[in-house]
Amino acid sequence: MLTLVGCSATSDPAAFGVVTQDRYDFMTCKEIINHRNAQNARMKELGDRIEKTEASPGGFLVSATAYRSEYVQARGLAAAADRAAKLNNCDAPKPN
């Protein structure tokens with residue numbers, strides 16, 4: 001019997017779902033920043049879970065199955081929100 005097992009790590013958000021770049025373009029700056037902060041917090045939470053899971057035997061497979069795709073999606077959403085923030089000058093300092 002021949003068994004083939006393939007594992008691959010991918011960092012392409014398109015591999016797990018579509019994150020459109022213009023998702024946040026028509027939101028207010030406050031909404032964009034809130035979404036970006038939420039995605040960054042989610043990435044931190046998932047990163048911590050991945051790190052903890054991978055420390056145990058066989059943890060790489062568990063983390064790849066449970067957390068990696070969601071982490072990549074959160075990273076794509078954070079990047080889209082960051083792009084919209086820059087496009088709309090949301091991070092520009094307010095004049096005094």
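- The CG atom of L77 sits 11.5 Å away from atom CZ of R42, with the distance rounded to the nearest 0.5 Å.
- In this structure the side chain of Y24 never reaches within 4.5 angstrom of the side chain of E31, judged on heavy atoms.
- Nearest heavy-atom pair, S63 versus T53, reported as atom, atom and distance to 0.1 Å: N-CG2, 3.8 Å.
- No donor-acceptor distance shorter than 3.5 angstrom exists from the side chain of D82 to the backbone of A78, with no hydrogens or angles considered.
- With rounding to the nearest 0.5 Å, the separation of CG in D22 from CG in L87 is 10.0 Å.
- Side chains of T28 and I32 form no contact here, defined as non-hydrogen atoms less than 4.5 Å apart.
- Using a 4.5 Å cut-off between side-chain heavy atoms of Ile, Leu, Val, Met, Phe, Trp and Tyr, with links allowed through other members, M43 and Y67 fall into the same hydrophobic cluster.
- Contact between I33 and A85 at its shortest, heavy atoms only, is CD1-CB, 4.1 Å.
- Heavy-atom neighbours of E45 CD from other residues, nucleotides or ligands within 6.0 Å: above the threshold of 12.
- A salt bridge does not link K52 to D48: none of the charged side-chain nitrogens sits closer than 4.0 Å to a carboxylate oxygen.
- The CG atom of L46 sits 10.0 Å away from the CD atom of Q73 when rounded to the nearest 0.5 Å.
- Residues D25 and R83 have side chains in contact (heavy-atom distance under 4.5 Å, counting atoms from C-beta outward).
- The pair R75-E70 fails the salt-bridge criterion, with no side-chain N (NZ, NE, NH1 or NH2) lying under 4.0 Å from an Asp/Glu carboxylate O.
- Neither Y71 nor V62 shares a network with the other; the hydrophobic side chains, linked directly or stepwise wherever heavy atoms of I, L, V, M, F, W or Y lie under 4.5 Å apart, form separate groups for each.
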